[in-house]
Chemist: 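Here's a structure for you.
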Amino acid sequence: MPHTTIAEPSGREEEQLFYRRLDGLAALGPAGFTPLFAAEGWSDLTEDRLLRKRVVRDGQGGPPPRPGQEVSVKVLGALEDGGLVERDPRLSFVPGQGDVVQALELGVPTMQPGEVSFFLAAFPYGYGRAGRWGRGRGAARPGGAGGSRRSARREPDVPPEAPLLFEVTLLEVRDGPDPRRLPPAARLRLGAQKRERGNVHFARGDFAAALRSYRLALRALDGAAPAGPQEEEELREQRVKCLNNCAAAARRLQRGGEALAACEAALRISPDNGKALLRRGQLLAEQGRDEEAALVLRRALELDPASKAVHAELARLVKRRARPAARAAPEEPRDRPRSPGAPQEGAA
């Protein structure tokens, strides 16, 4: 398989160089990264000028990555106060598949093998309005100018709406793996990776990106290599999870037909899957197919009588179906005589 590669740099040495280069940009002053968004010596990768590139070291003259090729990069990234928020000596991904932040998705395809570049990213091209939480706080800047800035921990959080400065070294470019030729265990790992990335997009509200990741996960799980009984069962379970997630993302995007098709595909694999039954019932109800929805939801309730979600959906369905009947009933004349024995209004 043809590919281009360079020798992997020393992590410690690269980290020290990174901070020296940051000092050279005067990027850690009171104004943070703001002046760099209008500074000379940078090229704009997007029309909004919120993602910019500055070459630190030229590459070896090879071609940049082509669509579908896999890359390996060394990534260091910092917040405006110098806290290190990314430290990955060898991150591998296929640009365009949504596995990394937009700064890397859009930036790395502009690089040559061996190139080192800065990417200055406003929050839409980093971790968005929500930031990245739950991973611990930032690793310290090495001693030297400015001293230690944070207590050393792995994988720090990124605050909401935080701009980031990445230093990226393009280590290797190679043809992307064909999931169909991977052994089952590798397909399971790749599928889980794509699905988990989709969950990150979903949590951030980027449902289109989530749907794309879930589709890539399904593609990774399908392959020609034969699987044993246990692996085949795991592949089926993962497919059902991905299809349920596709349905959830498509529903958020108001693509009811696509969401319903994903539910039905999940139920063909696992006819008694409660999540797929519930979501199918919700989607049928949203399309006005109330009788079909009621049948599906009652089946879900048979399988899980304690499900509050199914009870709630059935109650909503019954209530909605009762409203048209109430509106259609003719109003009783006011002077119509009451039948004997009928309760009088206000009677105790």
Chemist: Answer yes if V310 and L317 sit in the same cluster of Ile, Leu, Val, Met, Phe, Trp and Tyr residues linked by side chain heavy atoms under 4.5 Å apart, and no otherwise.
Modeler: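 Linked within one cluster.
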Chemist: Do L171 and V73 come within less than 4.5 Å of each other through their side chains, counting heavy atoms only?
Modeler: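 A side-chain contact is absent here, since even the closest heavy-atom pair is not under 4.5 Å.
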Chemist: Less than 4.5 Å apart, any side-chain heavy atom of R255 and any of L211?
Modeler: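 Yes, their side chains come closer than 4.5 Å.
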Chemist: Kindly give the heavy-atom pair with the smallest separation between G281 and A293, and that separation in Å.
Modeler: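 Nearest pair, atom of G281 first, then A293: O-CB, 3.4 Å.
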Chemist: Is the closest side-chain heavy-atom distance between V168 and M111 below 4.5 Å?
Modeler: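 Heavy-atom side-chain distance check passes, below 4.5 Å.
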Chemist: As an exercise, state the distance from CG of L17 to CG of L22, rounded to the nearest 0.5 Å.
Modeler: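 Separation between the atoms: 11.0 Å.
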Chemist: D206: what forms a side chain to side chain donor-acceptor pair (under 3.5 Å) with it, not counting sequence neighbours?
Modeler: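 Side chain to side chain donor-acceptor pair (under 3.5 Å) check on D206 returns nothing, list empty.
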Chemist: May I ask whether L104 and V94 are part of the same hydrophobic cluster, defined by side-chain heavy atoms of I, L, V, M, F, W, Y residues being less than 4.5 angstrom apart, directly or through others?
Modeler: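 Different clusters.
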Chemist: Answer yes or no: is there a side-chain heavy-atom contact under 4.5 Å between Y127 and L164?
Modeler: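 SC-SC contact between Y127 and L164 confirmed.
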Chemist: Could you measure the distance from the CZ atom of R49 to the CH2 atom of W42? Nearest 0.5 Å is fine.
Modeler: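 The CZ atom of R49 sits 12.0 Å away from the CH2 atom of W42.
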Chemist: Under the criterion salt bridge (Lys or Arg N to Asp or Glu O under 4.0 Å), which of R187, R236, R239 is the partner of D222?
Modeler: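 Exactly one candidate clears the test, R239.
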Chemist: For F166 versus A103, what's the shortest heavy-atom pair and its separation?
Modeler: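 Taking every non-hydrogen atom into account, CE1-CB, 3.7 Å.
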Chemist: Can you name the residues that form a side chain to side chain donor-acceptor pair (under 3.5 Å) with S92, not counting sequence neighbours?
Modeler: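 S92: side chain to side chain donor-acceptor pair (under 3.5 Å) contacts with S72, R174.
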Chemist: Would you please test E80 and T34 for side-chain contact (heavy atoms from CB on, under 4.5 Å) and show each step?
Modeler: CA-CA 9 Å; E80 290 182 296; T34 301; 4.3 Å; yes
Chemist: In a table with atom names and distances, give each donor-acceptor pair under 3.5 Å that connects a side chain of residues 282-291 to protein atoms at least two apart or in another chain.
Modeler:
from	atom 1	to	atom 2	distance (Å)
Q282	OE1	R251	NH1	3.1
Q282	NE2	E313	OE2	3.1
E286	OE2	R251	NE	2.9
E286	OE2	R251	NH2	2.4
Q287	OE1	R289	NH1	3.0
R289	NE	E292	OE2	2.9
R289	NH2	E292	OE1	2.9
D290	OD1	R320	NH2	2.8

Chemist: One thing to verify: whether E86 and R132 come together as a salt bridge, which I'm taking to mean a side-chain N less than 4.0 angstrom from a carboxylate O.
Modeler: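 Answer for the salt bridge query: yes.
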Chemist: Would a distance-only check, ignoring hydrogens and angles, find a side-chain to backbone donor-acceptor pair under 3.5 Å from D88 to R90?
Modeler: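 Yes, the answer is positive, given that a donor and an acceptor are paired below the 3.5 Å cut-off.
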Chemist: Minimum heavy-atom separation for P95 and Q69, please, with both atom names.
Modeler: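 Taking every non-hydrogen atom into account, CD-O, 3.4 Å.
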Chemist: Could you list the residues that satisfy side chain to side chain donor-acceptor pair (under 3.5 Å) with R279, not counting sequence neighbours?
Modeler: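 In terms of side chain to side chain donor-acceptor pair (under 3.5 Å), with neighbours along the sequence ignored, R279 is linked to no residue.
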Chemist: Can you establish whether the number of heavy atoms outside K53 located under 6.0 Å from its atom NZ is more than 12?
Modeler: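 Counting neighbours around NZ of K53, more than 12 heavy atoms of other residues, nucleotides or ligands fall under 6.0 Å, so yes.
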Chemist: Do the charged groups of E264 and R280 touch, with an N to O distance under 4.0 Å?
Modeler: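 Looking at E264 and R280, the cut-off is met.
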Chemist: Could you tell me the separation between the CZ atom of F207 and the CD atom of Q254, rounded to the nearest 0.5 Å?
Modeler: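 One gets 11.0 Å once the value is rounded to the nearest 0.5 Å.
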Chemist: Check whether any side-chain heavy atom of F119 sits under 4.5 Å from a side-chain heavy atom of L45, and report yes or no.
Modeler: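 Yes, their side chains come closer than 4.5 Å.
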Chemist: V55 versus E115: any side-chain heavy-atom pair under 4.5 Å?
Modeler: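 Yes; the side chains approach each other to less than 4.5 Å.
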Chemist: How long is the straight-line distance from OH of Y214 back to CG of N245, given to the nearest 0.5 Å?
Modeler: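 Rounded to the nearest 0.5 Å, the CG-OH separation comes to 4.0 Å.
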Chemist: Linking I/L/V/M/F/W/Y whenever any side-chain heavy atoms sit under 4.5 Å apart, do L303 and V296 land together?
Modeler: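 Result: yes, single cluster for both.
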Chemist: With hydrophobic residues grouped by side-chain heavy-atom distances under 4.5 Å, do L221 and L216 end up in a single group?
Modeler: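 The answer is no; the residues belong to distinct hydrophobic clusters.
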Chemist: To the nearest 0.5 Å, what is the distance between CG on L76 and OG1 on T169?
Modeler: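 Spacing of CG (L76) from OG1 (T169) equals 7.5 Å.
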Chemist: Given L243 and C263, is the side-chain contact (heavy atoms from CB on, under 4.5 Å) satisfied, shown in steps?
Modeler: CA-CA 7 Å; L243 287 164; C263 288; over 6 Å; no
Chemist: So which atom in A266 and which in A276 form the shortest heavy-atom distance, rounded to 0.1 Å?
Modeler: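 That would be CB-CB, 4.1 Å.
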Chemist: With a 3.5 Å distance limit and no angle check, can you tell me whether S270 reaches the backbone of L267 through a side-chain donor-acceptor pair?
Modeler: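 Looks like no, no N/O pair under 3.5 Å.
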Chemist: Between L106 and L50, is there a shared hydrophobic cluster once you connect ILVMFWY residues whose side-chain heavy atoms come closer than 4.5 Å?
Modeler: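 In one cluster: yes.
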Chemist: Where is the tightest heavy-atom contact between F33 and L79, given as atom of each residue plus distance?
Modeler: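 Scanning both residues, the minimum pair turns out to be CZ-O, 3.4 Å.
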Chemist: Test: salt bridge (charged side-chain N to carboxylate O under 4.0 Å, His left out). Region: residues 188-199. Which pairs qualify, not counting sequence neighbours?
Modeler: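 Of all non-adjacent pairs touching residues 188-199, those that pass salt bridge (charged side-chain N to carboxylate O under 4.0 Å, His left out) are D99-K194.
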Chemist: Do R212 side-chain atoms and G198 backbone N/O form a donor-acceptor pair below 3.5 Å?
Modeler: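 No; zero donor-acceptor contacts below 3.5 Å.
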Chemist: Nearest 0.5 Å, what's the CG-CD distance between L51 and E105?
Modeler: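 Atom-to-atom, L51:CG and E105:CD are 11.5 Å apart.
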Chemist: May I ask you to test the L277-L297 pair for a side-chain heavy-atom distance under 4.5 Å?
Modeler: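 SC-SC contact between L277 and L297 ruled out.
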Chemist: I'd like to know if the side chain of H311 and the backbone of P305 have a donor-acceptor N/O pair within less than 3.5 Å.
Modeler: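 Indeed, once roles are kept as given, a pair shorter than 3.5 Å links the two residues.
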Chemist: State, to 0.1 Å, how close L314 and A294 come at their nearest heavy-atom pair, and which atoms those are.
Modeler: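 It is CD2-O, 4.3 Å.
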Chemist: Are D48 and Y125 linked by a side-chain donor-acceptor pair shorter than 3.5 Å?
Modeler: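 Yes, a side-chain donor-acceptor pair sits under 3.5 Å.
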Chemist: Answer yes or no: is there a side-chain heavy-atom contact under 4.5 Å between F123 and V158?
Modeler: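 No, too far: nothing below the 4.5 Å cut-off.
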Chemist: Check whether F118 forms a cation-pi arrangement with R54 (NZ or CZ under 6.0 Å from the six-membered ring centre, at most 45° off the ring normal).
Modeler: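 Negative - R54 is either too far from the ring of F118 or too far off its axis.
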Chemist: Go through it in stages, so that I can follow the logic: the residues are E237 and I269, the test is side-chain contact (heavy atoms from CB on, under 4.5 Å), and I'd like the CA-CA distance, side-chain angles, deciding distance and then a yes or no.
Modeler: CA-CA 9 Å; E237 290 176 3; I269 300 171; over 6 Å; no
Chemist: I need the full list of salt bridge (charged side-chain N to carboxylate O under 4.0 Å, His left out) pairs touching residues 158-167, with sequence neighbours left out, sorted by first then second residue.
Modeler: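 Listed by first then second residue: R21-E167, R129-E161.
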Chemist: I need the single residue from P109, P64, P65, S117 that forms a side-chain contact (heavy atoms from CB on, under 4.5 Å) with L170. Which is it?
Modeler: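 Only match with L170 under side-chain contact (heavy atoms from CB on, under 4.5 Å): P65.
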